Amino acid sequence: LKRYLDEKQRAEVERFCPKQLARVWETPDGKRATHFGLPVMRNYTIVFSVIDNVYVPVTAQFRPNTKDIDLQLPSGAVGTKENPNETLEESGFREHREETGITLERVERLRTMPTPITVGHTGEQISYLFGYVKEPIEAKGLDLEEGEFLKAMLVPLPDWLELCETKGPDSVSIAATYMGLRRLGK
């Protein structure tokens, strides 16, 4: 497939579709087992924040694989071409600003360790962050990557919680929401 792509598309393939790794090992009962997985450790962040204890900044993002619009909290991969050594906290600041237009004053980890987000032997992990919105709020335009189609919105917290219990956000956003509410003592 890569030979039919232009340079920009090839770079995206390298960034998001690393080569598979075949692992063979001996099981406790002496048999050989094989697993195919990603050899890299991909880290992601997701940020839960609340404005005035009332509104949750949320994204509505088009997902080409399901051809649907998904609601989720601001999130994304750690590290950019300009800053490959970006920290989890820096990623949280950046993703929240890029996807909602709202700048955070600070972020705190909601868990001390990242959580695996895939099944099997891949290395994808997500770090849950709580974002404190910078006051006064200055909403700026979104700064989206090419191929990213989303809109930002402020959802009243009770409505967001109802969405979390019905057809609403992905499971990672739901987990971040409830961890964030616990941080707030709610």
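The shown structure was predicted, so the numbers you read here are calculated from the model rather than taken from an experiment.
Leu163 and Val58 fall within the same hydrophobic cluster, defined by Ile, Leu, Val, Met, Phe, Trp and Tyr side-chain heavy atoms under 4.5 Å apart, directly or through other members. Both Tyr128 and Val56 belong to a common hydrophobic cluster when Ile, Leu, Val, Met, Phe, Trp and Tyr are linked at side-chain heavy-atom distances under 4.5 angstrom. Following chains of ILVMFWY side-chain contacts shorter than 4.5 Å, one cannot reach Ile46 starting from Ile51, and the two form parts of different hydrophobic clusters. Residues Val50 and Met179 share a single hydrophobic cluster, defined by chaining ILVMFWY side chains whose heavy atoms lie under 4.5 Å apart. Side-chain heavy atoms closer than 4.5 Å link hydrophobic residues (I, L, V, M, F, W, Y) into clusters, and following such links, even through other members, never connects Leu181 to Leu104.
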Should Thr177 and Leu161 be marked as a side-chain contact (heavy atoms from CB on, under 4.5 Å) after you check the CA-CA gap, both sets of side-chain angles, and the distance that decides it? CA-CA 8 Å; Thr177 297; Leu161 293 175; 3.8 Å; yes
Do Leu88 and Ser91 pass the side-chain contact (heavy atoms from CB on, under 4.5 Å) test, and can you show the C-alpha distance, the side-chain angles, and the key distance before you say yes or no? CA-CA 5 Å; Leu88 298 173; Ser91 172; 5.6 Å; no
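Nearest heavy atoms, Glu99 versus Pro74: OE1-CA, 3.3 Å. Heavy-atom minimum distance, Gly79 versus Glu86: N-OE1, 2.7 Å. Nearest heavy atoms, Ala60 versus Leu71: CB-CD2, 3.9 Å. Contact between Ala176 and Leu110 at its shortest, heavy atoms only, is O-CD1, 3.9 Å. Between Tyr178 and Glu165, the shortest heavy-atom contact is OH-OE2, 3.5 Å.
Under a 4.5 Å side-chain heavy-atom criterion applied to ILVMFWY residues, the cluster that includes Leu142 comprises Leu144, Leu150 as well.
Crowding of Arg182 atom CZ: a count of heavy atoms from other residues, nucleotides or ligands under 6.0 Å not exceeding 12. For Tyr132, the OH atom sits in a packed shell: over 12 heavy atoms of surrounding residues, nucleotides or ligands are nearer than 6.0 Å. Within 6.0 Å of atom NZ in Lys151, 12 or fewer heavy atoms from other residues, nucleotides or ligands are found, so the atom counts as exposed in its surroundings. The 12-atom threshold is not exceeded at CD of Glu162, counting heavy atoms of other residues, nucleotides or ligands nearer than 6.0 Å.
With contacts defined as side-chain heavy-atom distances shorter than 4.5 Å, the pair Val78/Thr45 qualifies. Asn53 places a side-chain heavy atom less than 4.5 Å from the side chain of Lys186. Side chains of Tyr55 and Pro156 form a contact here, defined as non-hydrogen atoms less than 4.5 Å apart.
Among the candidates Ile102, Asp52, Val54, the single residue satisfying the side chain to side chain contact (heavy atoms under 4.5 Å, CB included) test with Leu154 is Ile102. Of the candidates Arg109, Arg106, Arg94, Glu89 forms a salt bridge (Lys or Arg N to Asp or Glu O under 4.0 Å) with just one, namely Arg109.
For the pair Thr100 (side chain) and Ala152 (backbone), a donor-acceptor distance under 3.5 Å is absent. Checked by atom type and distance alone, the side chain of Arg183 never pairs as donor or acceptor with a backbone atom of Leu129 at under 3.5 Å. Of the possible polar contacts, none joining the Glu98 side chain to the Glu95 backbone as a donor-acceptor pair under 3.5 Å is found.
Rounding to the nearest 0.5 angstrom, the gap separating the CG atom in Asn43 from the OG atom in Ser127 is 6.0 Å. Taking CZ of Phe149 as the start and CD1 of Ile69 as the end, the distance is 11.0 Å to the nearest 0.5 Å. Distance CZ/Arg97 to NZ/Lys134: 11.5 Å, rounded to 0.5 Å.
In this structure, a donor-acceptor pair under 3.5 Å is absent between the side chains of Asn83 and Thr80.
Ring-plane geometry between Phe130 and Phe48 is classed as tilted, the angle between the planes lying from 30 to 60 degrees on a 0 to 90 degree scale.
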